[in-house]
There are 2 protein chains.
Amino acid sequence: MSIAVELRHIRYFIAVAEERNFTRAAARLGIGQPPLSAQIKDLEAEIGTQLFHRVAHGAELTEAGEAFLAAVKPLPEEAAAAIRAARRAARGEIGQLSVGLTGTAALNPLFPAVIRSFRRSYPDVELRIVEANSVVLLASLVEGRLDVAVLRPAESDPADLREERLIDEPLVAALPAAHPAARKPAEKTSEGLDLSTLREEPFILTPRSVGTSLHDAALAACRKVGFEPRLGPPASQIASILSLVAAEFGVSLVPASLSELNVPGVAFRRLSAPEPCVGLVVAYRKHRPPPLALNFARVARAIASA
Amino acid sequence: MSIAVELRHIRYFIAVAEERNFTRAAARLGIGQPPLSAQIKDLEAEIGTQLFHRVAHGAELTEAGEAFLAAVKPLPEEAAAAIRAARRAARGEIGQLSVGLTGTAALNPLFPAVIRSFRRSYPDVELRIVEANSVVLLASLVEGRLDVAVLRPAESDPADLREERLIDEPLVAALPAAHPAARKPAEKTSEGLDLSTLREEPFILTPRSVGTSLHDAALAACRKVGFEPRLGPPASQIASILSLVAAEFGVSLVPASLSELNVPGVAFRRLSAPEPCVGLVVAYRKHRPPPLALNFARVARAIASA
DNA sequence: CCACAGCTATACTCATTACATATGAAGAAC
DNA sequence: GTTCTTCATATGTAATGAGTATAGCTGTGG
């Protein structure tokens with residue numbers, strides 16, 4: 001016999017309590033007075049006590065009614081807030097977003113600009129930024145530990161990720177400062193360095209196990225100009241590469257944005273055309289990407305194309 | 001088109017979210033799976049976004065679903081708590097109770113005992129205790145500023161109050177310590193003082209405007225033994241009466257419980273039979289007394305008869 | 001590769017109930 | 001006393017929540 005209490009009962013009850021009058025409350029609710037009386041009656045039966053004293057000129061709250069009113073008053077607004085929260089989450093306006101970032105992307109000025117813009121557009125999103133190598137990033141994306149990542153693409157990237165190219169970035173030579181090829185860059189009109197002049201140098205690259213993209217791009221560039229590079233000691237992070245170059249263990253090919261860095265003992269030289277390039281993409285799962293990931297990708301594309 | 005969100009939707013949603021499976025959630029809710037699916041569908045339509053990803057082995061929360069779950073999770077319990085609060089309020093277990101207290105009742109040991117017992121039985125009730133003269137108490141009761149009062153009854157008390165007699169208390173004479181009639185109380189077997197021996201003394205009484213009960217009881221006692229008392233200076237509070245007696249402005253008749261007080265310069269003497277009496281009652285509105293007032297009265301009766 | 005198991009969605013019916021309309025009863029105000 | 005206001009009751013109706021049966025989809029195991 002016990003009828004479940006519904007938000008409808010609570011809304012009706014609050015209306016009557018506020019109007020202190022069934023008829024006016026019914027008008028405010030847009031229903032007739034008899035059904036309103038019936039609903040309140042049901043509610044009272046369920047609670048097991050009167051909530052209103054019916055008097056000639058209206059209805060007054062009983063003690064139980066006062067207690068009930070105090071307790072249920074916030075409920076309709078809480079329900080409405082829940083709906084708003086769900087809608088905002090669906091639009092990707094609230095929630096947590098885990099952004100992965102590969103080492104060389106972190107050094108590109110694009111990335112801080114994207115983050116700045118995203119935070120301005122979505123101030124209520126909790127951002128978590130994780131830096132890791134491409135292999136880790138891709139695995140984390142696929143397994144859901146990351147929602148989106150900015151990284152350098154490779155053909156071997158999982159097929160169930162969507163990658164949107166943000167920019168293409170030329171590779172430049174990173175040379176020990178004392179290297180003969182490092183001398184020339186004084187003139188502005190200087191042509192790019194001919195990569196083949198580095199054919200005898202050991203190349204410092206990241207091991208293929210932590211990211212195929214840069215590794216393969218560097219190899220491909222060398223092969224294109226006719227030599228198979230000799231590999232120097234591997235370096236798993238971009239900072240290590242530059243350190244090894246500075247220590248004259250060899251040369252390297254790195255994204256142009258790294259030439260902004262002033263690393264003592266390292267000189268950067270652009271290469272002569274055709275410059276080899278590596279891309280920078282924003283990646284997320286094709287399957288049910290979080291709305292926030294899509295929003296992040298959109299912001300990133302907007303910044304990249306600006 | 002738009003269907004109001006009800007607690008039912010929320011209960012169902014939470015069940016599915018927790019089970020991550022429509023079929024099991026339906027079983028837990030005691031309904032069939034198709035109606036559950038329909039209700040969730042309605043909810044999603046109302047919110048305007050999917051709350052679950054339907055996958056082969058069940059249902060997973062979307063971002064919107066996660067946000068909605070976090071927001072609605074407490075609602076069912078809040079509604080249940082509201083019902084409990086209303087029930088408790090109806091039983092007079094919670095709420096505020098304003099207790100009025102007349103001056104001479106405050107000095108009776110019964111009162112602290114009642115308060116102690118009430119607080120033990122109803123620990124969640126917020127007690128407010130107001131001391132005032134009977135006229136103010138009665139008016140406050142009728143007008144709803146007080147819920148219950150402990151006072152001395154009079155025939156003139158409003159008819160829409162119910163008064164339950166707690167105890168009858170003899171009146172005793174309050175005499176200046178130097179008064180001849182104050183000398184005799186040494187022997188335990190001493191007979192009471194004959195009131196008529198005080199016929200020439202001025203009587204210090206509270207003015208009738210602040211409380212008819214004691215005033216009329218004292219007058220009636222004097223008349224019963226054959227004299228019309230001469231009135232001394234009026235005193236509006238019981239403390240003032242005793243002060244004036246100590247100052248030898250006259251004598252008074254006061255409830256026996258006051259003889260517990262050690263007031264320098266005042267001696268108390270019991271009167272000879274038939275001892276005049278004043279009652280002590282607990283009073284509350286006949287019309288819709290708050291449940292708490294009834295509970296208070298019940299506790300008071302229990303203590304008084306113990 | 002096919003059949004099966006498990007899950008959700010759809011189609012349809014039934015019982016419930018929330019609502020509207022009309023009316024009655026009771027108390028306050030004039 | 002009369003009238004007005006207010007809430008309660010009676011009754012019919014339309015909406016809807018829930019039940020039953022079934023179809024569709026998706027991984028799994030033989």
Side-chain angles (χ1 to χ4, degrees), chain A residues 1-47 49-62 64-65 76 142 160 285-288, chain B residues 1-47 49-62 64-65 76 142 160 285-288:
Chain A
M1 220 57 277
S2 147
I3 279 118
V5 172
E6 292 293 344
L7 279 180
R8 171 169 30 79
H9 295 118
I10 291 172
R11 284 188 280 257
Y12 289 3
F13 168 80
I14 292 174
V16 176
E18 286 180 353
E19 296 287 347
R20 296 191 133 62
N21 181 308
F22 278 70
T23 310
R24 281 200 303 274
R28 189 174 107 182
L29 292 166
I31 66 172
Q33 169 263 314
L36 175 58
S37 290
Q39 290 296 308
I40 297 294
K41 196 177 170 185
D42 288 349
L43 179 59
E44 289 175 327
E46 172 66 21
I47 293 178
T49 187
Q50 295 259 117
L51 296 172
F52 294 101
H53 294 300
R54 275 71 163 180
V55 293
H57 52 285
E60 292 170 1
L61 284 166
T62 62
V142 170
D160 44 359
R285 286 180 294 282
K286 276 182 189 165
H287 185 56
R288 296 203 306 244
Chain B
M1 215 55 254
S2 143
I3 281 123
V5 171
E6 293 293 344
L7 280 179
R8 180 187 50 261
H9 295 117
I10 292 171
R11 283 188 279 258
Y12 289 3
F13 168 79
I14 292 174
V16 177
E18 287 179 353
E19 295 288 346
R20 295 193 133 63
N21 179 311
F22 278 70
T23 309
R24 281 199 304 274
R28 191 174 106 184
L29 292 166
I31 66 173
Q33 168 263 315
L36 175 59
S37 289
Q39 290 294 313
I40 297 294
K41 196 176 168 186
D42 288 350
L43 178 60
E44 289 176 327
E46 171 66 21
I47 294 179
T49 186
Q50 295 260 116
L51 296 172
F52 294 100
H53 293 301
R54 275 73 162 176
V55 293
H57 52 286
E60 292 171 2
L61 285 166
T62 62
V142 170
D160 45 357
R285 287 180 294 283
K286 277 182 188 163
H287 184 59
R288 296 202 308 242

Rounded distance (Å) that lies between atom [atom2] of [N] and atom [atom1] of [X]:
| X | N | atom1 | atom2 | value |
| --- | --- | --- | --- | --- |
| B:Leu29 | D:dG19 | CG | P | 10 Å |
| A:Arg24 | D:dT5 | CZ | P | 12 Å |
| A:Glu60 | D:dT6 | CD | P | 14 Å |
| A:Glu6 | D:dT16 | CD | P | 14 Å |
| A:Leu7 | C:dA18 | CG | C1' | 16 Å |
| A:Lys41 | D:dT6 | NZ | C1' | 16 Å |
| A:Asp42 | C:dT16 | CG | C1' | 12 Å |
| B:Leu36 | C:dT10 | CG | P | 14 Å |

(message) Counting only side-chain heavy atoms from C-beta out, which of D:dT26, C:dC7, C:dA18 sits nearest to B:Ala56?
(response) D:dT26

(request) Give the nucleotide from the list C:dA9, C:dC19, D:dC7 with an atom nearest to the side chain of B:Phe22. (result) C:dA9

(request) Can you spot which of B:Arg8, B:Glu44, B:Glu6 makes a side-chain hydrogen bond (donor to acceptor under 3.5 Å, both in side chains) with B:Gln39? (result)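 Running side-chain hydrogen bond (donor to acceptor under 3.5 Å, both in side chains) over B:Arg8, B:Glu44, B:Glu6 with B:Gln39 returns exactly one hit, B:Arg8.
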
(message) Near DNA chain C, counting only heavy atoms under 4.0 Å, which residues of residues 8-21 of chain A show up?
(response)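 Nucleic-acid contacts, sorted: A:Arg8, A:Tyr12.
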
(request) Please tell me if the side chains of B:His53 and B:Thr62 come closer than 4.5 Å, counting only heavy atoms from C-beta onward. (result) yes

(message) Is there a side-chain contact between A:Ile10 and A:Val5 in this structure, where contact means two heavy atoms from C-beta onward sitting under 4.5 Å apart?
(response) yes

(message) With rounding to the nearest 0.5 angstrom, report the CG to CD distance, A:Asn21 to A:Gln33.
(response) 9.0 Å

(request) Write down the atom of B:Ala64, the atom of B:Gln50, and the distance for their closest heavy-atom approach. (result)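 Shortest heavy-atom separation between B:Ala64 and B:Gln50 comes out as CB-O, 3.8 Å.
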
(message) Between A:Pro34 and B:Ala59, which residue's closest nucleotide on DNA chain C lies nearer the 5′ terminus?
(response) B:Ala59

(request) Indicate the ring-plane relationship of A:Phe52 and A:Phe13, choosing parallel, tilted or perpendicular according to the 30° and 60° boundaries. (result) tilted

(message) Any base atoms under 4.0 Å from B:Gln33, or only sugar-phosphate, or nothing? Heavy atoms, all strands.
(response) base

(request) Classify the nucleic acid contact of B:Thr23 as base, sugar-phosphate or nothing, counting any heavy atom under 4.0 Å across all strands shown. (result)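 Result for B:Thr23 = base.
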
(message) Applying side-chain contact (heavy atoms from CB on, under 4.5 Å) to B:Glu46 and B:His9, what does each step give before you reach the verdict?
(response) CA-CA 11 Å; B:Glu46 171 66 21; B:His9 295 117; over 6 Å; no

(message) Can you see if the side chain of A:Arg54 gets near the phosphate of D:dA8 - specifically, an N or O under 4.0 Å from OP1 or OP2?
(response)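 Looking at the OP1 and OP2 atoms of D:dA8, one of them is under 4.0 Å from a side-chain N or O of A:Arg54.
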
(request) Verify the contact: side-chain N or O of A:Ser37 to OP1 or OP2 of D:dA8, cut-off strictly under 4.0 Å; return yes or no. (result)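 Yes, within the criterion.
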
(message) Counting only heavy atoms from other residues, nucleotides and ligands, does the tally under 6.0 Å from NZ of A:Lys286 exceed 12?
(response) yes

(request) Can you pull out how bent the helix from C:dC1-D:dG30 to C:dC30-D:dG1 is, comparing the axes over its first five and last five pairs, to 10°? (result) 20°

(request) Go through A:Val16 and A:Ile40 one step at a time and tell me if the side-chain contact (heavy atoms from CB on, under 4.5 Å) criterion holds. (result) CA-CA 9 Å; A:Val16 176; A:Ile40 297 294; 4.3 Å; yes

(request) Taking only Lys NZ, Arg NE, NH1 and NH2, and the carboxylate oxygens of Asp or Glu, determine whether B:Arg20 and B:Glu60 approach each other closer than 4.0 Å. (result)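 No salt bridge links B:Arg20 with B:Glu60.
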
